[in-house]
Amino acid sequence: MLRKEVLIRLIQCCENAKSVSQLHAHLLKSSLLHDDRYVARLCRGYGECVSLDDARKLFDEIPDRNARLWNTLLKGYCYENRHEEALRLFGQMVCGGEEKPDGFTIPKALKACAELRLWDYGRMIHGFVRRNEGFEGNQFVGSGLVEFYMKTGDSCSARNVFRDFHDPDVVMWTCMITGYVQNGRPDEALGIFAEMISVQGLVPDRATFVSVASACSQLFDLKLGRSVHGYAVRKGYDNSLSLMNSLLNLYAKAGFLRNGLNLFRTMPARDVISWSSIIACCAQYGHPDEALSLYNEMVQRGFDPNVVTVISALQACAAGGYLEQGKTIHELVWRKFSDQNVSVSTALIDMYMKNKSPKEAMDVFQRIPDKDVVAWVALLTGFTDNKMASESLGIFCEMLASGIQPDAVAMVKILVACSELGVLKQATCLHGFLIRSGFLSNPYVGASLIELYSKCGNLDFSSKVFHEVCKKDVVVWSSMIAGYGMHGLGREAHDTFQQMILDPSVKPNDVTFLSVLSACSHSGLIDEGLKVFQLMHQYRLRPDSKHYAVVVDLLGRMGDLGRALAVIQGIQTETPLGSDVWAALLGASRVHDNIEVGEFAAENLLHQNQDHAGYYILLSNIYAAYGRWEDMANLRSTIKLRKLNKMTGQSLVEVAR
DNA sequence: GTAGGGTTAG
């Protein structure tokens, strides 16, 4: 007969189904199956080499099971992400009264609750931990509780558990950092990290740095990210694939896509997450063609795209207008995921909508078995973007009728759809709904409602909403300024801007400046507008061609074409100036009928776009003002020859019924 | 016998 120690080693070494079965038979023959050490090992052997279900069968046959045995099986279920079964087993253990939960089984039950987002169940386990002795100072139970509360979005309770703990270890600190990152609160994550190293003097490990790098990428904090990278390399952590992936994401998201790509190319190993990360970053930050060529390279190299990869590649097709490639990916989705994944289907809807194919988008939508709010909103927004906003209203009603609760994004999108249609009646209905549902505390919702009322022509309501919104962020202020501008109230727009910059909690952005500059220009507030333009530098904002166009327009209206020209010539940029700047100059030349400047502007414009009828017409009007009929006739015949049409202006009026 | 980490849809 084999010695006990040898037997344990043998079971540990089991690598295949046959060897596990042989040892099982041997244990039976030697009547050793009552010894829990053997049984637990054997269960693990079955779970790892044969199947968890075989381990379960063995488990069910054993008459007197101890905590170690229950735990072995629980671990197997958690490992295979079979969390429902794990909790059922845990319930069976507790309710059957066979074993009390201990420091090993509780963390696994908490893990299952966290993954299934079962807040009530996890809270009950927390109650058990508090009522019973023996769990104080157990780091495994502590980190299990922190992770559970963080995953269910209850960071307050996670913090309480953490604060009540006497001496949390690195894992618990890391759970807190990771939790805050996962809840989109990177500032708090970095605060905990700072406390961990400076106050407690603990040494962070690989896992800690992965989350710290994620926090940096959420904050676009490249400086801190770089020092994390440097420290990690010095500690020899640069062989951690997760850490490298997290850093790769940080560089690419913080605006240094080239550095990200460089890291990606020089990494010692890459997995599907590395590929997905770099594809997602290229797709989201203006390089859809590069994203797709990386996707194709990945497939050629034999990597298997997962859900995330496919979503990112579809984003690239949406952003770059690659309908054909999008359809090819749709076929792959059909073969691999059979249209069952709602996130992938939503990305498909977005791709088809952005490629002006609403019918295909609708087909994808109808096939989704469990449509969530994100899928509905993708469809709704797509219709608005395809100039079919009245369909968006219908989609919103259908969504409500099917029992899906709208969230803040849904409300913003439906308000945008109403803005497109200019329907005041719907606006007031939605306003009532927003008040009742408490959505007005969300600054994006508030800003969209202000914009909607402005576009429907009711500025009083806009201003009322503006004063009611408690959390006025930059978007809310900018919407109100834009609203005044839209109604020709430059003075009010300018005053609102002045009030805004007195508030230290908000900082104007490029959109704010564009709105206030445009408002000043339309109301002839020349000096005010120029002063506002100068302020951009103080806020470290670089004016883009839209800002320059407004300033040129401003100077042009005043008749100061010389200064307008000087502004244009003073712009230092590597890329050619956008047509909006030249168009503003041409418009100003027409107002003041200046042939030289007009011809100069038109020359630059027609160099970029020869098919814009409006430019020819403006120049021909300048010729007409000087009686240069021949030049005018030449331009008019060019328009006819090229069969150009000037877009006619359109207005929407709501008809009361 | 145990724990924490990287990419994703509106």
Side-chain angles (χ1 to χ4, degrees), chain A residues 36-37 40-41 43-44 66-72 74-75 78-79 102-108 110-111 114 138-148 150-151 168-179 181-182 204-214 217 237 240-250 252-253 271-281 283-284 305-315 318 341-351 353 365 368 371-382 384-385 406-410 412-413:
Chain A
D36 65 84
R37 281 189 305 168
R41 291 259 190 236
C43 251
R44 204 168 81 187
N66 64 3
R68 182 181 279 200
L69 205 51
W70 285 95
N71 184 50
T72 304
L74 258 178
K75 187 180 163 190
C78 286
Y79 187 74
D102 62 7
F104 292 92
T105 45
I106 282 177
K108 291 180 187 66
L110 283 170
K111 173 102 187 158
N138 185 322
Q139 308 276 8
F140 298 95
V141 173
S143 55
L145 282 167
V146 169
E147 192 196 344
F148 157 72
M150 282 297 194
K151 285 235 164 91
D169 66 358
V170 180
V171 178
M172 255 183 100
W173 281 91
T174 307
C175 283
M176 284 298 291
I177 297 169
T178 311
V181 171
Q182 287 168 346
D205 64 11
R206 281 158 221 259
T208 321
F209 280 119
V210 173
S211 295
V212 172
S214 287
S217 70
Y237 294 160
S240 156
L241 191 51
S242 324
L243 182 55
M244 287 295 111
N245 286 341
S246 197
L247 286 166
L248 164 77
N249 205 37
L250 162 75
K253 277 197 180 144
D271 66 359
V272 65
I273 299 185
S274 325
W275 285 96
S276 304
S277 295
I278 198 72
I279 292 168
C281 288
Q284 284 168 15
N306 65 13
V307 166
V308 183
T309 330
V310 166
I311 289 171
S312 304
L314 286 170
Q315 278 185 309
N341 184 302
V342 65
S343 305
V344 176
S345 296
T346 306
L348 277 167
I349 292 171
D350 190 48
M351 185 277 292
M353 284 297 196
F365 178 77
I368 304 175
K371 303 168 177 67
D372 63 7
V373 65
V374 187
W376 281 97
V377 173
L379 191 73
L380 187 157
T381 310
T384 308
D385 293 345
D407 62 4
V409 184
V412 168
K413 299 297 181 184

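Computed over heavy atoms, backbone and side chain alike; hydrogens, waters and symmetry mates excluded. Letters A, B, ... are given to chains in the order of the sequence lines, protein chains preceding strands, and every chain is numbered from 1.
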Interatomic distance, A:N306 CG vs B:dA9 P [rounded to whole Å]: 13 Å
Side-chain-base donor-acceptor pair under 3.5 Å for A:S276 and B:dT7: yes
Touch class at under 4.0 angstrom, heavy-atom based, for A:T178 against every strand present: sugar-phosphate
Sugar-phosphate only, base, or nothing, as touched by A:T309 at under 4.0 Å among non-hydrogen atoms: nothing
Rounded distance (Å) that lies between atom C1' of B:dG5 and atom CE of A:M176: 16 Å
Sugar-phosphate, base or nothing in reach of A:L379, heavy atoms under 4.0 Å: nothing
Sugar-phosphate, base or nothing in reach of A:N341, heavy atoms under 4.0 Å: nothing
Separation of atom CG in A:L243 from atom C1' in B:dG4, rounded to whole Å: 14 Å
Under 3.5 Å side-chain donor-acceptor pair for A:N249 and A:S246: no
Touch class at under 4.0 angstrom, heavy-atom based, for A:K413 against every strand present: nothing
Nearest-Å distance for atom pair CG/P, residues A:L250 and B:dT7: 11 Å
Residues in side-chain contact (heavy atoms from CB on, under 4.5 Å) contact with A:V374, at least two apart in sequence or another chain: A:T346, A:D372
Touch class at under 4.0 angstrom, heavy-atom based, for A:S242 against every strand present: base
Sugar-phosphate, base or nothing in reach of A:Q139, heavy atoms under 4.0 Å: base
Sugar-phosphate, base or nothing in reach of A:A207, heavy atoms under 4.0 Å: base
Those residues that, when tested against A:N138, pass side-chain hydrogen bond (donor to acceptor under 3.5 Å, both in side chains) (two or more places apart): none
Sugar-phosphate, base or nothing in reach of A:V342, heavy atoms under 4.0 Å: base
Distance, rounded to the nearest Å, where A:Y237 contributes OH and B:dG5 contributes P: 17 Å
Touch class at under 4.0 angstrom, heavy-atom based, for A:G103 against every strand present: base
Sugar-phosphate only, base, or nothing, as touched by A:V170 at under 4.0 Å among non-hydrogen atoms: base
